[in-house]
Amino acid sequence: MADSEHSSSDDTYVDSREETSQESKLEFSDDEETLIIRMYNLVGERWSLIAGRIPGRTAEEIEKYWNSRYSTSE
């Protein structure tokens with residue numbers, strides 16, 4: 001029983017580390033940024049299409065990145 005309790009606390013630790021790595025994923029390379037800009041100019045806010053061109057990135061990450069860098073507050 002003690003082992004199962006210990007492993008569940010390990011799972012919690014892993015989850016918190018995953019959260020931190022997701023935050024750092026918002027750092028995009030110059031190549032990724034260039035591709036996002038070019039794709040945005042071609043297809044607009046179709047984030048899933050853009051994400052399909054960048055391995056390891058999700059549509060949500062790209063949209064969040066775009067909105068934090070290029071959104072206009074009008």
Side-chain angles (χ1 to χ4, degrees):
M1 282 189 172
D3 288 338
S4 66
E5 289 173 18
H6 182 68
S7 71
S8 87
S9 67
D10 285 346
D11 292 342
T12 303
Y13 178 70
V14 170
D15 290 343
S16 67
R17 280 188 7 206
E18 286 175 6
E19 242 177 67
T20 304
S21 72
Q22 287 176 355
E23 291 170 5
S24 67
K25 277 190 171 184
L26 286 179
E27 295 177 14
F28 284 67
S29 71
D30 290 340
D31 289 340
E32 288 174 322
E33 186 174 351
T34 301
L35 183 56
I36 291 169
I37 293 167
R38 292 177 67 200
M39 290 292 295
Y40 181 85
N41 289 331
L42 288 171
V43 300
E45 294 183 356
R46 297 175 70 187
W47 306 119
S48 59
L49 279 178
I50 298 170
R53 295 289 183 180
I54 304 174
R57 299 292 186 178
T58 65
E60 291 80 17
E61 287 175 326
I62 292 171
E63 182 178 9
K64 186 175 181 181
Y65 176 77
W66 181 267
N67 289 332
S68 70
R69 293 285 304 249
Y70 300 105
S71 70
T72 58
S73 51
E74 295 178 23

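Basis for what follows: all heavy atoms, side chains included, without hydrogens, waters or symmetry-related copies.
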Under 4.5 Å between any side-chain heavy atoms of R57 and F28, yes or no? yes
Working for side-chain hydrogen bond (donor to acceptor under 3.5 Å, both in side chains), residues Y65 and E60: CA-CA 8 Å; Y65 176 77; E60 291 80 17; over 6 Å; no
In residues 34-50, what donor-acceptor pairs under 3.5 Å come from side-chain atoms, sequence neighbours left out?
unit_1 : atom_1 : unit_2 : atom_2 : d
T34    : OG1    : D30    : O      : 2.9
N41    : ND2    : I37    : O      : 3.3

Residues two or more places apart in sequence or in another chain: which of them pass side chain to side chain contact (heavy atoms under 4.5 Å, CB included) with S68? none
Where A51 and A59 come nearest, the two heavy atoms and their spacing: CB-N, 3.5 Å
Taking side chain as C-beta onward, heavy atoms only, is N67 less than 4.5 Å from K64? no
Roughly how far, to the nearest 0.5 Å, is CD of E27 from CD of E32? 11.0 Å
Just to verify, what does D31 make a side chain to side chain contact (heavy atoms under 4.5 Å, CB included) with, not counting sequence neighbours? S29
For a 4.5 angstrom cut-off between non-hydrogen side-chain atoms, does Y70 reach E33? yes
